[in-house]
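Each ligand, and each atom within it, is numbered from 1 in the order the structure gives.
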Amino acid sequence: MTRSRPGPDAPDSRFGPGRHALRGATLSFHADPFLSDPHASYTHLPDALVVIEDGRIAEAGPYDRLRASVEGSMPVAHYPDALILPGFVDTHIHYPQTQMIGAFGEQLLEWLNKYTFVTEQQFADPAHAAMVSELFLRELLRAGTTTAAVYCTVHPGSVDAFFQASQRFDTRMIAGKVLMDRNAPQALRDTVQSGYEDSRDLIAKWHGNGRQLYCITPRFAATSSQAQLESAARLWREHPGTYMQTHLSENLGEVGWIAELFPDCCDYFEVYRRAGLAGPRAIFAHAVHVSEDELCACHRAGAALSHCPTSNLFLGSGLFRVFDAKRADRPVRVGLGTDIGGGTAFSQLQTLNEAYKVAALNQTRLTAAHAFYLATRGGAHALYLDDRLGAIEPGYEADLVVLDLKSTPLMDFRMRYCADLMERLFVLMTLGDDRAVRATYVAGRPVYDRSRQPAPFRYADGSAAPAPAC
Ligand SMILES: [Zn+2]
């Protein structure tokens with residue numbers, strides 16, 4: 001079955017929880033190219049079969065080796081001229097900011113006051129939160145992203161709306177209620193007590209509910225008092241397995257403000273470490289202006305940094321040093337983040353395009369191997385999920401993206417002059433965007449299929465997902 005045409009060939013209910021397979025070229029990383037030979041860090045099979053059962057990868061290998069076991073016994077979706085990868089992982093994104101991408105003219109602190117804090121107040125309305133959640137998840141899936149660490153707003157209802165939408169697609173999402181008890185409009189503030197109790201109740205409701213995971217989310221040290229940071233840390237300790245996400249050293253004005261607010265701390269990371277917010281499953285976004293001491297502390301803590309190049313360029317924040325963060329003698333976990341709405345694209349391909357340029361401005365070279373590792377297994381590693389996500393291996397959750405190597409006339413033309421896989425991948429990340437995503441599989445189901453028009457999205461139960469009424 002060739003899946004290049006719309007209509008009856010598009011995956012249907014046969015590609016549900018039962019045994020089925022994808023056929024096509026695959027790429028999957030088994031090692032970190034920052035810490036080992038990049039050319040030996042991945043497995044590329046030009047014609048592979050990925051057998052899926054109950055939402056997980058049951059078998060993966062060369063088509064010739066596995067064909068006898070599948071022929072005639074299960075439906076096979078064949079994707080010629082495509083590349084199948086693990087679904088992309090986005091380690092930093094704000095769903096409520098979908099409606100304010102591309103806001104003009106400000107740097108971080110002014111941008112928060114002028115745009116973000118105005119927009120986020122609308123999420124007191126559960127209907128608005130539900131509409132934006134649905135639209136946001138579609139944009140992620142259209143971009144091939146299957147897992148993300150997501151900020152909601154201060155309103156508990158914004159978290160319910162988001163996880164409910166995620167459950168309909170059965171996506172593995174990490175999200176939480178923003179904690180903010182100072183330096184924000186009154187309508188967006190909680191208190192130490194209410195922030196703790198609301199987060200605790202949301203953890204009980206959502207953490208480990210299906211594929212959903214909870215993330216304790218103090219926005220950043222300037223909008224949480226010392227007492228709230230410590231309360232967040234207590235909550236995190238009391239609920240092992242939950243995540244913690246916040247912002248770190250994004251912008252020089254912000255770094256100066258934090259130094260004024262916390263004069264006793266030697267640096268910005270120390271503010272979080274001292275409060276008890278540094279450790280495994282902590283995700284710090286940006287880290288553009290961090291020192292060597294802070295990188296060492298991050299490495300010791302086992303915390304992760306989220307590299308958000310489109311946002312850092314758009315807001316004029318600065319250049320993250322990915323090769324410095326990943327230095328082999330004290331490697332820090334690093335994933336990619338789009339940071340919507342400071343970032344300008346949901347697509348990890350566009351994010352990699354900008355990550356390459358940021359690395360170049362730091363006089364380093366982000367190869368396609370480094371780049372696609374960050375977007376897949378590297379992101380899963382940053383989130384301590386690389387035992388189940390980010391690779392095409394038996395036992396892994398079957399979250400996959402099918403990339404079209406000829407998605408635009410220019411890409412089609414340019415690909416004819418590529419000598420090898422690495423060159424094709426580099427062109428893909430330089431010229432590619434959401435148009436390059438042919439299909440996105442979540443837990444083995446094709447929840448997004450570009451050819452399935454006019455309704456390319458389906459929920460996990462197989463029903464067509466109607467477009468949200470905006
Ligand atoms: Zn952010």
*Pair listing, ring pair (Phe, Tyr, Trp, His ring centres under 6.0 Å) test, anchored in residues 323-371, at least two apart*: Phe34-Phe323, Phe34-His370, Phe136-Phe346, Phe323-His370, Tyr356-Phe426
*If you look only at pairs with a residue in residues 188-217, which of them pass as a ring pair (Phe, Tyr, Trp, His ring centres under 6.0 Å), with sequence neighbours excluded?*
Phe163-Trp206
*side-chain hydrogen bond (donor to acceptor under 3.5 Å, both in side chains) contacts touching residues 98-110 (sequence neighbours left out)*: Gln99-Gln122, Gln99-His128, Glu106-Lys114, Gln107-Asn251
_Total protein N/O/S atoms whose distance from the Zn ion (ligand 1) is less than 2.8 Å_ = 4
*asked:* Do Arg377 and Phe372 form a cation-pi contact, if we require the NZ or CZ to be under 6.0 Å from the six-membered ring centre and within 45 degrees of the ring's axis?
replied: no
*Taking the six-membered ring for Trp and the single ring otherwise, decide whether the centroids of His289 and Tyr268 are under 6.0 Å apart.*
no
*Taking 4.0 angstrom as the limit, do Arg200 and Glu238 come out as a salt bridge?*
no
